[in-house]
Asks: 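Below is one structure. I have some questions about it.
Letters A, B, ... are given to chains in the order of the sequence lines, protein chains preceding strands, and every chain is numbered from 1.
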Number of protein chains: 2
Amino acid sequence: MATPPAQDPRRTLTLRDVSEASGVSEMTVSRVLRNRGDVSEATRERVLQAARTLGYVPNKIAGALASQRVNLVGVVIPSLSNMVFPEVMTGISEVLEDTGLQPVVGVTNYAPDREEAVIYEMLSWRPTGLIVAGLEHSPAARAMLAQAGVPIVEIMDIDGTPVDSAVGISHRRAGRQMAEAIIAAGYRRIAFLGTQMPNDHRAKKRLEGFEEALAKAGLTLADREFYSGGSALLKGREMTEAVLARSPDVDFLYYSNDMIGAGGLLYCLEKGLDVPGKIGLAGFNGVELLDGLPRRLATMDACRLEIGRRAAEIIAGQPHQGVVGGEVIELFPTLQPGDTIRR
Amino acid sequence: MATPPAQDPRRTLTLRDVSEASGVSEMTVSRVLRNRGDVSEATRERVLQAARTLGYVPNKIAGALASQRVNLVGVVIPSLSNMVFPEVMTGISEVLEDTGLQPVVGVTNYAPDREEAVIYEMLSWRPTGLIVAGLEHSPAARAMLAQAGVPIVEIMDIDGTPVDSAVGISHRRAGRQMAEAIIAAGYRRIAFLGTQMPNDHRAKKRLEGFEEALAKAGLTLADREFYSGGSALLKGREMTEAVLARSPDVDFLYYSNDMIGAGGLLYCLEKGLDVPGKIGLAGFNGVELLDGLPRRLATMDACRLEIGRRAAEIIAGQPHQGVVGGEVIELFPTLQPGDTIRR
DNA sequence: CTCAACGGATAGAGCGTCCCCCTCCTAAGG
DNA sequence: CCTTAGGAGGGGGACGCTCTATCCGTTGAG
């Protein structure tokens, strides 16, 4: 404890070590490292040199406590593995890049209690803002978000009441639009294939909108199939096979996401089915993967990049501590008919 | 400043607020919230109740500074979008789940300077440990890692000298093994198709090992093709088309990853080529996606889940602050011949 | 009465940052 | 040549907020 710092190479370095090594005060070192305040070029160089030599890394814990400022933005999302959230992250990172803010990801696996825990954990670091996927949260989670005192942006979905701000699309409307397009193309015996996820509220809303539009046209779903877990591509195949076996007369397959849709498409092509003549297919999301398939699956992009950008802008643009909020930004996805729906 | 806390609902809550609300001392609240020390069930309940009601979230910034303990494990990886790292993350999370430790991800996009920045940022939060993909780092990054004073685990690769611990496979050996299998199956005019990533050292090592084994059999690569950016599946198609146009007589295509391999496979099947009779294909990684393809691509799993698990175990198992280190764990991938290589 | 369980009080610790102030140095004015 | 204003550069000390450590006091059971 009383030993001079130089003695023990394993001791963690502090500002004082750098200040002693460079012969200036801690204050000056701090100024240099933060690029703030007036420091002569010579002094600055000397300090940086010393810091580099020692291998000093500032302690943000202490810095944050002292400055009451944390350059972190929490991002709470259900999953990383379905190709949609990485793109949202890209949008967020792009915008945050030149603001000095830094995103930190938390994954909930579509479990409400996990989400609650992740939000709690995130808020305990007192971030500059929080971006959370979806509008549905446990009451406790909502309470924490409401109390947080920092901007909260709920993304992906706008069919509901946000705690603070929201950026997203209307999944209900998206479902409706797809149904309308399918009906307009002349398909009538339509099946829905989705993953079994009670907590994927957005997929559920799409289905609701979809059925709503069908009903308006006097139709109902000819069949539906749910599955969970495993490789989405493979599941898409299996589900498609099951549906076609059970309901050979369906003429359209609407998938809740592109991955299972892609599996279904591969299956149909393999079986030599006439796509989109005898049977049409559509997915949702507009993932890049689809570009490599033999035929382009009809889909609807979810504006993921843009959602990420806008959400980040709301956080970054927040005037210091001014709890404004209430902004709701609706984006409008476009339908990409691809090659799997008659025109 | 002098106003009592209750006055301003927007004020951020502190331990004191909870202690006042529950009628016990801050000390006791702290004990309850950390599950440490003796607190009667009744008191504990009362405190928790008060905390919940207020929506109190502990301030980890202050807690970490005081306790010199941060329950964070930094994970530095090149990318989230290629399906390999999410699985590593799954392994890490699984193990960390019941240790109270929490992973925090940083993404480098295969850029050394980004990596340096991410490592710096991570270390500035004084995490319990750091998991970094790869063994190749800038000198400055290596210096920081060496100085960090916390366990460092470099993952994925073991062909090199780790800073501290390492968990991974030998990519050079993996490349060799694949080449040997291909040669054993009777293929002779072999082409390599990879993404152009000067900083994907692991893909490079696989290629080196691959060529080494070819050389030993008196062979050289018949052709090679590189590409970068865009949808991997689509790129795989395009590259395959280019190679087959340029070198119509190749009888094997070795891809640096499964995604472009899958694209190539789809292309070959579409063109009606005899796979694996006239032409064989192989990728690398063993991604789940392959399960859904019409034919199973030959590949080699990279032990991703296991790598994540082992790395996390090293961090979690580290006796407090005892800088031991030096552990190197080699895992052995298995070749999955699938349906695209003759037997 | 003893002992254990429970929990209060108080005094730092931890490492930066913020605000305010001081010290030079330069340059213009006298 | 001296004086003085002004500003750049840099120092000093007070926090920030929670956890920890230590030392006690209280209470109830045996």
Asks: For D:dC15, take OP1 and OP2 only and decide whether either is under 4.0 Å from a side-chain N or O of A:Gln68.
Replies: no
Asks: OP1 or OP2 of D:dG16 versus the side-chain N and O atoms of A:Arg69: is any pair under 4.0 Å?
Replies: no
Asks: Let's see if you can work this out: which of C:dC15, D:dG11, D:dG10 has an atom nearest to the side-chain heavy atoms of A:Thr43?
Replies: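 Minimum distance to the A:Thr43 side chain belongs to D:dG10.
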Asks: Test your reading of the model: is there a side-chain donor-acceptor pair from A:Asp17 to the backbone of A:Thr14, 3.5 Å cut-off?
Replies: yes
Asks: Below 4.0 angstrom, N of the basic side chain to O of the carboxylate: do B:Arg52 and B:Glu45 qualify?
Replies: yes
Asks: One thing to verify: whether A:Arg309 and A:Glu313 come together as a salt bridge, which I'm taking to mean a side-chain N less than 4.0 angstrom from a carboxylate O.
Replies: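 No.
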Asks: Just compare C:dC19, D:dC17, C:dG7 and give me whichever is closest to any side-chain atom of B:Val39.
Replies: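 Closest of the options to the side chain of B:Val39: C:dG7.
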Asks: Can you find an N or O donor on one side and an acceptor on the other, under 3.5 Å apart, linking the side chain of A:Arg16 with the base of C:dG16?
Replies: no
Asks: Consider only side-chain N and O atoms of B:Ser30 and B:Glu26, and report whether a donor and an acceptor are under 3.5 Å apart.
Replies: no
Asks: Picking from C:dG8, C:dC6, D:dC17, which would you name as closest to the side chain of B:Ala62?
Replies: D:dC17
Asks: On DNA chain C, check which nucleotide each of A:Leu33 and B:Ser25 is closest to and give me the residue with the more 5' one.
Replies: B:Ser25
Asks: Which one, C:dG16, D:dT18, C:dC18, comes nearest to the side chain of A:Ser67?
Replies: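 For the A:Ser67 side chain, the nearest candidate turns out to be C:dC18.
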Asks: Check every atom of D:dG10, D:dT18, C:dT17 against the side chain of A:Ala66 and return the nucleotide holding the closest atom.
Replies: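 Among D:dG10, D:dT18, C:dT17, the one nearest the side chain of A:Ala66 is C:dT17.
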Asks: Looking at A:Val167, is its backbone amide N or carbonyl O close enough to the side chain of A:Arg310 to form a donor-acceptor pair, meaning the two atoms are under 3.5 Å apart?
Replies: no
Asks: Could you check how far CD of B:Glu45 sits from C1' of C:dC6, rounded to whole Å?
Replies: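 Result: 17 Å.
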Asks: Nearest to the A:Met27 side chain among C:dG8, D:dG11, D:dC17, which nucleotide is it?
Replies: D:dG11
Asks: Report yes if at least one side-chain N or O of B:Tyr56 is closer than 4.0 Å to OP1 or OP2 of D:dC17; otherwise report no.
Replies: no
Asks: Quickly work out the A:Arg46 CZ to D:dG10 C1' distance and round it to whole Å.
Replies: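 Between C1' of D:dG10 and CZ of A:Arg46: 11 Å.
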Asks: Rounding to an integer number of Å, can you tell me how far B:Arg126 CZ sits from D:dC19 P?
Replies: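 One finds 20 Å between P of D:dC19 and CZ of B:Arg126, rounded.
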Asks: So what does B:Leu15 hit on the nucleic acid, given a heavy-atom distance under 4.0 Å: a base, only sugar-phosphate, or nothing?
Replies: sugar-phosphate
Asks: In terms of side-chain heavy atoms of B:Ser40, which of C:dC6, D:dG11, D:dG9 is nearest?
Replies: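 Within the option list, the nearest is C:dC6.
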Asks: Among C:dC15, D:dT18, C:dC6, which nucleotide sits nearest the side chain of A:Thr14?
Replies: C:dC15
Asks: Between B:Leu65 (CG) and C:dG12 (C1'), how many Å, whole number?
Replies: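 That distance rounds to 13 Å.
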Asks: Distance from A:His137 atom NE2 to A:Met144 atom CE, nearest 0.5 Å?
Replies: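 It comes to 10.5 Å.
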Asks: Can you check the B:Lys60 NZ to D:dC19 P distance for me, whole Å?
Replies: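 Going from NZ in B:Lys60 over to P in D:dC19 covers 10 Å.
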Asks: Can you find a donor-acceptor N/O pair under 3.5 angstrom joining the side chain of A:Arg31 to the base of D:dG9?
Replies: no
Asks: Taking only the side-chain nitrogens and oxygens of A:Ser30, find out if one of them lies under 4.0 Å from OP1 or OP2 of C:dT17.
Replies: yes
Asks: Which listed nucleotide (C:dG14, D:dG11, C:dG16) is nearest to the side chain of A:Asn59?
Replies: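 Nearest nucleotide to the side chain: C:dG16.
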Asks: To the nearest Å, how far apart are B:Glu26 CD and C:dA11 P?
Replies: 14 Å
Asks: Closer to the 5' end of DNA chain C via nearest nucleotide, is it B:Gly63 or B:Thr28?
Replies: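 So the residue in question is B:Thr28.
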Asks: Whole angstroms only, please: what is the CG-P distance between A:Asp38 and C:dC24?
Replies: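 It works out to 18 Å between those atoms.
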